[in-house]
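In what follows, a structure is listed as structure tokens, so that the remarks can point back to it.
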Amino acid sequence: PAVPGSADQVDVDVTVKEKPSGNLMAGIGFSQSDGIIFNTSISQSNFLGTGKRVAFAFNTSRTNQFYQLAYTNPYYTIDGISRGFDLSYRTTDFDQLIGADYSTDVGRAAMNFGLPISDTSRAGLGLYYQNTRFFAGQFSELAQDFVAQNGETFNDVFLTLSYVKDSRDSAVFTSKGTLQSLFGEVAIPGSDLQYYRLNWRGRQFVPLTRRFTLALKADAGYGGGYGSTDSLPFFENFYAGGPSSVRGFRANTLGPRETTVGQEDPVGGNLKLTGGVELFAPPPIGGNFEKTLRLGAFLDFGNVWWTESTDLVAPTGFDLGELRYSTGLSAQWLSPVGALSLSVAYPLNATDQDEEQVFQFSFGQNF
């Protein structure tokens, strides 16, 4: 209709029908490292009509149990700065994860802010309190030595910074674009454990032709202690090996191992470097499989290192000559009953200490 009193203006009346803003998801999956995985989440993106998001998530496997309650205000300011709070609880059984005789229970309360930088990038700032209970088994001298020096219960406050740039054309079967993320956290002075961790992740997808895509990936992480803490607590170490890292090696088994008599369990490291190159293409049979199946040929590399000197772990120190390499073929299928990822990899320079696993797969389903 015309605007009253104006000859060259009109009003536009719009009728809006809101889509359902709630979501209930449940899932079941399987991976060789975690076994059977169950997960569920309930979220409401317009809680009580306020535009705020409230979510509850639950995840359990033989290595982890995780519970989380989260609240997010996506427009805390008119400039699009978000603010969120979350409570979480996680238990990790390292015996099931890497065969090591210790476990942790971690409770966390967090607050975070998100700042939009551009259409494809965002920065974040966060603060969280963490209570950690560490349980040392009788067969791990490394764990018992840590308890003797630091105790079993820790109360720490962390400051976090993050940056994410995502220009991919699709999160599934990406054909072009970049994904980069940088995350850092540091325990502030006065915390029981004083340490920091930095992690960078990069993905680059280059379309070579209409059918072929070249994917480049790299991950790097480093952590250390300061003040009253000599080094990064070893249960916060980085790990390498497995379907999402260096294929052809058993998950989380690369790198240093404990030297306790009778124990040679992998313990990860405070320095991580992994990466790879992969060529993707749809299958030659065509049809609907072009949208649901992708084949690949890859070269992976990586390892983790323990840079601090200790008699309980070997080897120590950083040496690029310790990088492990593997090559092989992969397939990803969005099947009617879930996403299936599998690979056949051949380790190129495995040692007697390494645990090889030529065929690896994972399967998951959300419904």
Spell out, yes or no, whether Ile78 and Phe113 are grouped together once hydrophobic residues are joined by side-chain heavy atoms under 4.5 Å, including indirect joins. no
With a 4.5 Å heavy-atom cut-off, do Trp333 and Thr292 have their side chains touching? yes
Does Tyr195 belong to the same Ile/Leu/Val/Met/Phe/Trp/Tyr cluster as Leu271, with side-chain heavy atoms less than 4.5 Å apart forming each link? no
In the single-linkage hydrophobic clustering (I, L, V, M, F, W, Y; side-chain heavy atoms under 4.5 Å), do Leu161 and Ile188 co-cluster? yes
Which pairs, with at least one residue in residues 179-200 and sequence neighbours excluded, count as a salt bridge (charged side-chain N to carboxylate O under 4.0 Å, His left out)? Glu185-Arg197
Please list all pairs passing the side-chain hydrogen bond (donor to acceptor under 3.5 Å, both in side chains) test where one or both residues lie in residues 293-308, with sequence neighbours left out. Arg247-Asp300, Asn270-Thr307, Arg294-Gln332
With a 4.5 Å cut-off on side-chain heavy atoms, are Arg211 and Pro282 touching? yes
Candidates Tyr102, Phe134, Phe94 - the one meeting ring pair (Phe, Tyr, Trp, His ring centres under 6.0 Å) with Phe235: Phe134
Assess the residue pair Leu254 and Asp354 against the criterion (side-chain contact (heavy atoms from CB on, under 4.5 Å)); give the C-alpha distance rounded to whole Å, side-chain angles, the decisive distance to 0.1 Å, and a yes or no. CA-CA 7 Å; Leu254 288 180; Asp354 296 325; 3.9 Å; yes
Sequence neighbours excluded, every pair satisfying side-chain hydrogen bond (donor to acceptor under 3.5 Å, both in side chains) that has a member inside residues 158-167: Asp166-Arg168
Applying side chain to side chain contact (heavy atoms under 4.5 Å, CB included) between Arg201 and each of Thr274, Leu182, Val164, Asp219, report the one that passes. Asp219
Centroid-to-centroid, Phe58 to Phe56, below 6.0 Å? no
